[in-house]
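None of the values given here were measured: they were computed from a predicted structure.
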Protein chains: 4
Amino acid sequence: MAESSVPTLWSGAPDSTSVNRQQRRRGRKLSDMMSYTAQVISENGYHMASLDEIAERMDLSKASIYHYFDGKEALVTATLESCASYVQQRLQEAAASDGTPTERLAQLIRTQVNLIAVEAVEVARLFVQPLDWPPAIAETVLQAQRDHGKIFRDVIHEGVVAGEFQVADERIARMALQGGMNLVPTWYSDKLGGKRGAVVVEDITSTLMRLVLPITSPIQA
Amino acid sequence: MAESSVPTLWSGAPDSTSVNRQQRRRGRKLSDMMSYTAQVISENGYHMASLDEIAERMDLSKASIYHYFDGKEALVTATLESCASYVQQRLQEAAASDGTPTERLAQLIRTQVNLIAVEAVEVARLFVQPLDWPPAIAETVLQAQRDHGKIFRDVIHEGVVAGEFQVADERIARMALQGGMNLVPTWYSDKLGGKRGAVVVEDITSTLMRLVLPITSPIQA
Amino acid sequence: MAESSVPTLWSGAPDSTSVNRQQRRRGRKLSDMMSYTAQVISENGYHMASLDEIAERMDLSKASIYHYFDGKEALVTATLESCASYVQQRLQEAAASDGTPTERLAQLIRTQVNLIAVEAVEVARLFVQPLDWPPAIAETVLQAQRDHGKIFRDVIHEGVVAGEFQVADERIARMALQGGMNLVPTWYSDKLGGKRGAVVVEDITSTLMRLVLPITSPIQA
Amino acid sequence: MAESSVPTLWSGAPDSTSVNRQQRRRGRKLSDMMSYTAQVISENGYHMASLDEIAERMDLSKASIYHYFDGKEALVTATLESCASYVQQRLQEAAASDGTPTERLAQLIRTQVNLIAVEAVEVARLFVQPLDWPPAIAETVLQAQRDHGKIFRDVIHEGVVAGEFQVADERIARMALQGGMNLVPTWYSDKLGGKRGAVVVEDITSTLMRLVLPITSPIQA
DNA sequence: GATGAATGAGGATTCATTCAT
DNA sequence: AATGAATGAATCCTCATTCAT
């Protein structure tokens, strides 16, 4: 009802470059709709989220969705792309920071854990595993995961080249890292909120950094 | 591939204690049906797997499924429980072997990676993430995951008590370990089949063992 | 017969208080749907009336029924309640008329016989016996019968108190009365239509009034 | 399980003339099966009584029913005919007794009320109203009702001819009588069991006799 | 005589999508 | 822009019936 209290999961300001008010209003509407969609899908999964339910959450009629999106798949695809884009942006900021590969990888892990477990829990859940998506959407998810992986891959590679990391196989290390990041915070999400959360995040980070740091030296997160 | 021979994913010999031929035949039938079910669900997910499709794969009429199971949910629940039970048994064997916690954890990882990526790829995929299951089934999956986690938890704890492992937080370490195991082999499954597969499995194992081994000593998988 | 004109069995004007046109249109649609439902159920019984058949009679797709009612049971329950409510209203009018209990009971009988055998044959058939309804609906039927019985009970009781009626047991008398009313006109419906019908109705009424009138005085219907 | 404790509703000894033991055994089996069928149908109605349920009550497999009857309809038809035949026989005995038409009609009512409400409650419920039976079976029910009605019709007619009864219309009187008999005991069945039951039966009988007795004389039940 | 297995026909229900207003 | 109405397609499930053993 109160459009103002839309829980913008990833605070997307998608079309801030829109010129006139019309377009800006429409952009905000689209953003809100995707936000609600992410919410519902995240709670119930794709197949158990009916358009009726999504529409109701939007306080809009089901038919009206078709004024903005071509259908359920289009709505969800757009939502996923928007989510992925936001996450991607956040991670890229972390990866682009100054510092050694070690510092930057640790920062990446912190950022990702925070996103998954604190800032955008629902969003993250959408990308964890490509199980049960309709084929067309699965492709979108896969692409997002590839983009997402690339950021980590690059930093890890830099670290290896720089001699800071020591891994048997870069790809295996990266996937173990990602697998760990995906699973840990999901089950820890209740403990990551308050002040003590910061400590836990550091525990997670240092634990996962073990996967790449040379095993004979102490971990420097 | 060979539709005629039942692809017993987890080579379940469920009711070998059945006395008469009737019961044994029925037990085998049930086992076959669950095997096909695991296959189809694993490929398409719960919601996109229609009973029609499952029935056809079983070379049986849809109505016939109801002679053996109470409905779709019951069929899938039974299948999941059977799969979980088999995996559980395999892991328990690995965990119960002689050897130091280090050796046993490494053995656990090897076993799990093999199951996930070589022996029972389809089975494993069923348990990775509880995203889109109907509530009743989600509970089953969750329970299986708890049982599964307990085996790792125990060995890790023993290792810590024995002074062989050194972790900031046992639970975080365990989850990172499980997350890594779940993710890595799924994407590596094509490379884990042949002889070189053994090498990769060892790479994965040694990589993941880093998560618990004391960081100042070289890894001994 | 004339599919185009809705055969409003009980001329229900259910929501005449609806304010805007939207609501009035919807109310009329609901009323029509219930009317057709009463017809089909009355002809075939609950279990042999498929939603397909009902929908076709409504000249509507089966799925469309679900826009107005939650399902078959809801549709039928609503229909029964609407029917019962109409009958109840008609009887209450008859019971509330001026006159001695004798006159009012006779009027009740006439009204009921007319409803059952002339005006709302199909409607009446729905309430005669709760034999084959699904439990949830059986409850509705039972409630309607209780309401229905109360009207007769009250008038009979007044008659007894006033000394006009003389019965061994009020409840037995009332049930005999209702049983007679329910059965007689159903088999006489072909003879109750024309002018001679009025005579038959009076025969029925005077016959049934015997059940309560003092046996030493002539019946005065 | 205990075949001996079959609740033979109408104590049918259908084929007592069977010569050899084989046939007698088969006859008893058929009788038992029909008895259970009457029970289940009476409880749930025709459509909600699945063959599975009936078979289970018989402690027999569903398929076995087909060794004795051609199908569900045949089973139910046979059951209904057997029930009707038993009731018919009982009523005929009552109608054939010595005595005036008044006495015999009263005896008929007593017998019928007893059957409906005490001796064969389930059986009676099957015949009350032809609602919801499949067409083929409805015909059987109708025929039974016609046979049933004939007994009452004859006695009433004799009473009228003899000058004992005084009715406006014989048929109307008879139907009112039957309607009353059908309805009253169903709701009174809990009160008709013990000693006080006899009193109630007399109340019912005297109440219903009013429908035919001359209105200026006291009722003599 | 008895039964487990198998099935076709049919029914209720859901849902994404279209369209007139 | 917004929506109520309508629907075809798909899905789960039931059940009377047949048949091989």
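Think of the region where chain D sits on DNA chain E: with heavy atoms and a 4.0 Å cut, that region ends 5' and 3' at E:dG1 to E:dG4.
Counted within 6.0 Å of CD on D:Glu56, heavy atoms from surrounding residues, nucleotides or ligands total 12 or fewer; the atom is thus considered open.
With sequence neighbours left out, the salt bridge (charged side-chain N to carboxylate O under 4.0 Å, His left out) criterion links D:Glu43 to D:Arg57. For A:Arg25, the side-chain contact (heavy atoms from CB on, under 4.5 Å) partners at least two apart in sequence or on another chain are A:Arg21. Partners of B:Asp52 according to the salt bridge (charged side-chain N to carboxylate O under 4.0 Å, His left out) rule, which considers only residues two or more places apart in sequence or in another chain, are B:Lys62. Residues passing the salt bridge (charged side-chain N to carboxylate O under 4.0 Å, His left out) test with C:Glu53: none are found, sequence neighbours excluded. With sequence neighbours excluded, no residue forms a side-chain hydrogen bond (donor to acceptor under 3.5 Å, both in side chains) with C:Ser50. A:Tyr68 meets the side-chain contact (heavy atoms from CB on, under 4.5 Å) test with A:Arg26, A:Lys29, A:Leu30, A:Met33; sequence neighbours excluded. Under the side-chain hydrogen bond (donor to acceptor under 3.5 Å, both in side chains) criterion, C:Glu73 pairs with no residue at all, not counting sequence neighbours. For D:Glu81, there are no side-chain hydrogen bond (donor to acceptor under 3.5 Å, both in side chains) partners two or more places apart in sequence or in a different chain. With sequence neighbours excluded, the residues forming a side-chain contact (heavy atoms from CB on, under 4.5 Å) with C:His47 are C:Asp132, C:Pro134, D:His47, D:Met48, D:Asp132, listed by chain and number.
Annotation: of the two residues near DNA chain F, B:Asp52 and C:Ala63, the 5′-most nearest-nucleotide partner is C:Ala63. Each of C:His47 and C:His67 was matched to the nucleotide of DNA chain E holding its nearest heavy atom; the match closer to the 5' end belongs to C:His47. The nearest heavy atom of DNA chain F to D:Leu51 and to C:Gln22 marks one nucleotide each, and the one closer to the 5' end goes with C:Gln22. The residue among C:Tyr66 and B:Arg25 whose nearest nucleotide of DNA chain E lies closer to the 5′ end is B:Arg25.
The interatomic distance linking A:Ile65 (CD1) with F:dA1 (P) rounds to 15 Å, in whole Å. As rounded to whole Å, 13 Å separates atom C1' of F:dA16 from atom CD1 of D:Ile41. Atom OH in B:Tyr46 sits roughly 13 Å away from atom P in F:dT11 (whole-Å rounding). Whole-Å rounding puts the A:Met58 CE to F:dT3 P distance at 12 Å.
If you check every strand for non-hydrogen atoms under 4.0 Å, B:Lys62 touches a base. Residue D:Ser50 is in sugar-phosphate contact alone, with no base atom involved, counting any heavy-atom pair closer than 4.0 Å across all strands shown.
Counting only Watson-Crick and G-U wobble pairs whose two distances sit under 3.5 Å, DNA chain E takes part in these stems of three or more pairs: E:2-21 with F:2-21.
Within the 4.5 Å cutoff, the side chain of B:Phe69 has no heavy atoms near those of the B:Thr79 side chain.
For the contact set between residues 68-75 of chain B and DNA chain F, defined by any heavy atom under 4.0 Å, the members are B:Gly71, B:Lys72.
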